[in-house]
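Worksheet: one structure, shown below.
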Amino acid sequence: MSGASDRIRHSNAEGRAALIAYLPVGFPSVERSIRAMVAMVDAGADVIEVGIPYSDPVIDGPTNQIAAEAALLAGARVADCFAAVRAVVAAGASAVVMSYYNPLLQYGLEKFAGELAAAGGSGVVLPDLTPDIAQEWLAAAEAHSLDTTFLVAPSSTPERLHMTVAATTGFVYAASLMGVTGERASVGSQAERLVRDSRAAGAHLVCVGLGVTTGAHAREVATYADGVVVGSVLVRCLIDHVNEDQALDALRTKTSELARGVRGES
Amino acid sequence: MTDSLQAATGPYFGDFGGRFVPEALVAALDELADAYDKARVDPAFSSELERLARDYTGRPSIVTEVPRFAAHAGGAHVFLKREDLNHTGSHKINNVLGQALLTKRLGKTRVIAETGAGQHGVAAATAAALMDLECIVYMGEEDTERQRLNVARMRLLGATVVPVKTGSRTLKDAINEAYRDWVANVDTTNYLFGTAAGPHPFPTMVRDFQRVIGLEARAQMLDLGALPDAVVACVGGGSNAIGIFDAFLDDAEVRLIGCEAGGDGVDTGRHAAAIGGGRPGVLHGSRSFILQDADGQTIPSHSISAGLDYPGVGPQHAWLATLGRAEYWSVTDAEAMEAFGLLCRTEGILPAIESAHALAGAMRLGRQLGPDATILVNLSGRGDKDVETAAVYFGLLDGGES
């Protein structure tokens, strides 16, 4: 079974949710982004979502847009994600890659899947690809034993929930609200229902993301989800602190807060 | 069944098209596609749209022969389909009236739109005012600067114009921002998409709402004697071009020529010719030709015309290009501005810079074909919005021509 799924199950066996932490590779530089991901592992993240920056991130809010734009300006490439995946795995966490579809399509789906598997990555999260049009990717993923996480949203119909859950290998990503990524004052009120509906549709592992910002949010989501996905507030640590030591301190502090949250601690 | 290419229904056009969007938007697109499928066969919808076209837009638009301009096009017979005479000054109104009527049918109260040159934004703001809908227009910050008059027009019409400061600050980024708004507000909001691109059902639906251009023009040309040898239109996303092409798709003897924005020249890399200088990929919800680097990152386009300054193209054009049914030429900024100036001075018609790309294509084609040829050009918009750009280009503002 896959690294990320095993890690989430292992966390659940400890009586807690898993912490899945996102950062884009290449922001502010490839090396610094990798050190930041390792710092999150050290501070308690179970799974790292390694983001591939993309020029047209339609489901991302301002924080992730700023980071993606800066990463691309600094020369980040699709292939940089493999070094990040290796570093995360070496640090003891599981790694999945999150990417919009076109960068993978242009890299070559089969080639990308092969290299990700070789780097030790366990799967991908695809925010703008739905299972009904994912046959080519799914074939490549299956050939290299990679898991594919699709998203479900509060607007998903029962039919689409079933289809998405059936096509998902690994964990299902439940978007907590109708909107883009970003820090928020509260987690969407529709998240709990969506997790329940996804389980009823057959999902084994359901993780919730979008808007999770504080330890308290993580604690709340952990009461009903198998994992908690956090992104923008972590990216924010790197945006707010130009100095690398300060950025890593802020990142460790925030990750620890979230790690306590998924354990039901404050 | 016939082998007709007309009115292809999507979601795929050959290998192109589809619906590559976040799951959160699928329900809204399904709802829209469903409403459109019902409306297109509903006589009440068609008759309301026809009434608006006649009594509000001013359809049918006329066809004008332009012999003094044609003298610079090899002496061919050149006819202009005058979409510039529509209310709001371009073909965009044809589409927004249809989509705004659908919005009312969906029971939604708010519309969002993206705009490049501002023509679609102005049309959307107009339809929103007419039908009592709240209207938000996303416009790249760079475009708000080069199309200031259209920004003011939209605000006069009651719309909120939001300058988009991310990415390349042009049309593609305005589309991204509109999607972000739509995901968050889908319960109340319909997205009035401006061109025949994006995810299904937009390419099909926008083409259908623009199809009236070609239906009228084909009949008008027959009344004048015969079908033209060629139909020429500018292509950014490609809605005016697919609108005039569609009725001619099954007339094999009629050449269809789309003029993409060649900017400084396709070989310079500073252009907006997605078919001429791009390759297949996925952008903004569909698979088509796009300008992209080796990693699939979108390359910002360049054109003097804000309305053509887009790194993608509608999937039906990509399909027609690979089938060989339509040809896609690139026209540089300089060629377009030469045609722009010529039409002003020879015919007293001030074209949109977008449409001037089609005029330049007609000049090139006329010189190839000679005086026996008949060429129909879609004059998709008028150039009032471009007076400042053109005046700067030709050096007319500070004491005379350069």
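Naming convention: chains lettered A, B, ... in sequence-line order (proteins, then strands); numbering from 1 in each chain.
The minimum heavy-atom distance linking Val206(A) with Val195(A) is given by the pair CG1-CG2, 3.9 Å. Contact detail for Ala27(B) and Ser155(A): the closest heavy-atom pair is CB-O, 3.5 Å. When all heavy atoms of Leu308(B) and Ala261(B) are compared, the closest pair comes out as CB-CB, 3.8 Å. Across every non-hydrogen atom of Ala117(A) and His144(A), the tightest pair is CB-O, 3.7 Å. The two residues Ala174(B) and Thr115(B) have their closest heavy-atom pair at CB-O, 4.3 Å.
A donor-acceptor distance shorter than 3.5 angstrom exists from the side chain of Glu260(B) to the backbone of Gly276(B), with no hydrogens or angles considered. Not a single donor-acceptor pair under 3.5 Å links the side chain of Thr103(B) to the backbone N or O of Lys108(B). Under the 3.5 Å distance criterion, the side-chain polar atoms of Thr164(A) are left unmatched by any main-chain donor or acceptor of Leu161(A).
Of residues 177-197 of chain B, those residues lying under 4.5 Å from chain A by any heavy-atom pair are Glu177(B), Tyr179(B), Arg180(B), Val183(B), Ala184(B), Val186(B). By a heavy-atom distance cut of under 4.5 Å, Leu283(B), His284(B), Arg287(B), Ile290(B), Gln292(B), Ala294(B) are the residues of residues 283-294 of chain B near chain A, going up by number. Of residues 263-274 of chain B, no residue lies under 4.5 Å from chain A by any heavy-atom pair. Inspection of non-hydrogen atoms places Gln297(B), Thr298(B) of residues 297-306 of chain B under 4.5 Å from chain A.
Phe150(A) has its side chain out of reach of Arg160(A): every pair of non-hydrogen atoms, C-beta onward, lies at least 4.5 Å apart. In this structure, Asn95(B) and His120(B) have side chains that are in contact, with non-hydrogen atoms separated by less than 4.5 Å. Under the 4.5 Å side-chain criterion, counting only non-hydrogen atoms from C-beta, Lys172(B) is in contact with Tyr310(B). When side chains are defined from C-beta on, Lys92(B) counts as touching Ser239(B), because their heavy atoms get closer than 4.5 Å. In this structure the side chain of Asp30(B) never reaches within 4.5 angstrom of the side chain of Asp34(B), judged on heavy atoms. Contact annotation: the side chain of Gln119(B) never approaches that of Glu354(B) to less than 4.5 Å [non-hydrogen atoms, C-beta and beyond].
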> Run the side-chain contact (heavy atoms from CB on, under 4.5 Å) check on Val125(A) and Tyr22(A) step by step: do they pass?
Replying inline: CA-CA 11 Å; Val125(A) 181; Tyr22(A) 165 92; over 6 Å; no
> Step by step, would you call Cys207(A) with Ile8(A) a side-chain contact (heavy atoms from CB on, under 4.5 Å)?
Replying inline: CA-CA 9 Å; Cys207(A) 301; Ile8(A) 295 165; 3.9 Å; yes
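Contact count versus chain B (heavy atoms, under 4.5 Å) is highest, among Ile59(A), Asp56(A), Ile52(A), for Asp56(A). For chain B, the option among Ser156(A), Pro62(A), Ala134(A) with the highest count of heavy-atom pairs below 4.5 Å is Ser156(A). In terms of heavy-atom pairs under 4.5 Å with chain A, the best-connected choice from Val282(B), Asp295(B), Thr166(B) is Asp295(B). Interface summary for chain B: among Pro127(A), Gly61(A), Ala79(A), the most heavy-atom pairs under 4.5 angstrom belong to Pro127(A). Residue with the most contacts toward chain B among Ile133(A), Leu104(A), Leu126(A), Val180(A): Ile133(A) (heavy-atom pairs, distance under 4.5 Å). Of the listed residues (Asp128(A), Asp132(A), Leu177(A)), the greatest number of heavy-atom pairs within a distance under 4.5 Å of chain B belongs to Asp128(A). Comparing Ala175(A), Pro103(A), Pro154(A) by heavy-atom pairs within less than 4.5 Å of chain B, the highest count is held by Pro103(A).
By the 6.0 Å contact criterion, CD on Glu142(A) is open, its count of non-hydrogen atoms from other residues, nucleotides or ligands being 12 or less.
In this structure, chain B has a heavy atom under 4.5 Å from the backbone of Asp60(A), while its side chain stays farther away. Heavy atoms closer than 4.5 Å to chain B are found in the side chain of Leu72(A), but not in its backbone. For chain B, no part of Pro131(A) is nearby; none of its heavy atoms comes within less than 4.5 Å. For Val26(B), the part lying under 4.5 angstrom from a heavy atom of chain A is the side chain only. Of the two parts of Tyr54(A), the backbone and the side chain both hold a non-hydrogen atom closer than 4.5 Å to a non-hydrogen atom of chain B.
Rounded to the nearest 0.5 Å, atoms CG (Leu129(A)) and CZ (Arg19(B)) are 13.5 Å apart. Thr214(A) OG1 to Arg184(A) CZ: the interatomic distance, rounded to the nearest 0.5 Å, is 13.5 Å. For the atom pair NE2 of His204(A) and OG of Ser5(A), the computed distance is 10.0 Å after rounding to the nearest 0.5 Å.
Remark: the Thr170(B) side chain and the Asp309(B) side chain contain no N/O donor-acceptor pair separated by less than 3.5 Å.
In this pair, Phe112(A) and Tyr107(A) present their aromatic rings perpendicular. The plane angle is above 60°, beyond the 30 to 60° band.
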